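Indexing begins at 1, ligand by ligand and atom by atom, following the structure's order. Because the structure is a prediction, the values reported are computed rather than measured.
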Amino acid sequence: MNGPYDLVLRSRRTVLDGVERPAAVAVRDGAVAAVAAHDAPLPAAEDRDLGALALLPGLVDTHVHVNEPGRTEWEGFATATRAAAAGGVTTLVDMPLNALPPTTNTEALEIKRAAARGRVYVDVGFWGGAVPGNLPDLRPLHDAGVYGFKCFASDSGVPEFPPLAPDQMAAAFAAAAAFGGLVVVHAEDPAALTDPAGGDYAAFLASRPPSAERAAVERVIRLAEETGARAHVLHLSAADCLAPLAAARARGVPVTAETCPHYLTLSAADVAAAPGPPTAFKCCPPIRDDANRDALWRGLADGVISCVVTDHSPCTPELKKGDFATAWGGVSSLQLGLAAVWTEARARGFGLPDVVRWMAAGPAALAGLAGKGAIRVGNDADLVAFDPDAVRVVDPAGLHHRNPVTAYEGRALTGAAVTTWLRGVPVGDAPRGVLLARNGAR
Ligand SMILES: [Zn+2]
């Protein structure tokens with residue numbers, strides 16, 4: 001007999017409003033319709049007690065490179081979104097580069113949307129890009145629904161997405177400020193970078209020092225302060241940047257920062273011990289030493305870093321080989337980010353509400369994704385039944401992304417998404433995701 005709800009999920013470890021407590025979550029028409037006591041009578045077509053599993057909101061990953069169209073052999077919408085669902089991610093926001101064309105005008109955005117439509121297993125939104133010469137395109141992209149604009153201070157790795165010179169970046173900030181736009185920045189100062197040589201990780205690390213990040217982050221802070229544009233520092237690696245970010249936030253500068261699972265869970269010492277090629281760990285900025293990693297965790301605890309997102313940036317296995325000068329930079333962890341972060345977070349005394357704050361609520365707030373990132377009445381019923389105790393050794397063969405090369409190969413990770421629901425329906429064989437837009441268009 002059907003009650004008024006389509007689905008009720010009961011968990012003793014439901015993450016709600018920043019705490020973990022027993023609760024029942026009732027779903028109707030794809031949305032959270034009620035949150036009640038764990039044993040509350042809630043008539044429903046399906047009523048599941050999750051036993052020892054935790055119930056989390058679906059994660060929001062605002063830093064994903066899907067690469068379709070144009071470099072679909074690196075990654076595509078179907079494979080990336082399947083990997084996302086398997087990792088407990090129900091919303092991702094696609095970066096404007098590595099697909100062809102890059103998302104630097106509204107025509108390119110439409111090409112992206114056409115490539116994604118009907119192929120996504122979770123919900124997908126899009127960032128736009130700010131590159132030299134496309135200032136007039138920023139407002140139209142904003143109106144078409146991108147969540148903000150990515151730009152680079154240094155070389156992006158692909159020729160069709162050049163970095164902004166300092167005066168160009170200042171102009172992009174001023175343009176975004178005029179319409180309340182968000183600028184998200186790959187912050188490494190090219191003047192402080194040198195060419196890496198060979199296959200030695202220490203040399204690669206030395207070629208991209210913390211001072212490069214610090215100089216660029218200080219410039220982002222200055223531009224946000226001068227223009228009033230909201231700014232966000234992408235994939236923060238160097239803990240040296242935490243002090244200026246904290247100081248800027250304390251004086252009201254609209255600047256936020258994210259870091260990634262690999263900076264929080266791996267360190268330079270892991271590279272030599274890894275079973276695969278060391279270039280599996282190549283990403284920019286680089287994975288640094290243990291003391292730096294400890295400091296990033298303090299930055300999360302203090303709230304200076306508000307988001308943990310993957311920077312999932314795959315390529316073909318061939319392009320990931322070679323030396324540090326030529327190998328593609330990127331660590332792909334859309335499917336593994338939650339388990340990686342939970343493994344380390346739990347060992348450091350953090351709880352599931354912390355992980356949810358960093359990986360769901362924080363990114364949803366960054367992009368302004370209404371109805372996402374929290375279990376709350378009226379929100380989309382994007383939910384994850386999470387086994388916090390499952391231990392799995394990472395086998396690349398078990399990854400859904402197109403090219404299962406991973407820096408996590410052979411590592412034992414704790415925690416697994418057992419079931420992922422998108423708007424109240426388990427993610428399964430049909431691509432039921434929708435394309436999201438900042439202004440609500442779908
Ligand atoms: Zn990226």
Can we call the ring centroids of [X] and [Y] under 6.0 Å apart?
{"X": "Phe126", "Y": "Tyr147", "value": "no"}
{"X": "Phe350", "Y": "Trp358", "value": "yes"}
{"X": "His63", "Y": "His312", "value": "no"}

Please report the closest heavy-atom contact between Gly88 and Val384, naming both atoms and the distance. O-CG2, 3.4 Å
For the Zn ion (ligand 1) the protein N, O or S atom count under 2.8 Å stands at 3
For Asp290 and Ser267, does a side-chain donor sit closer than 3.5 Å to a side-chain acceptor? yes
Contacts satisfying side chain to side chain donor-acceptor pair (under 3.5 Å) that involve residues 156-178 (not counting sequence neighbours) are Arg71-Glu160
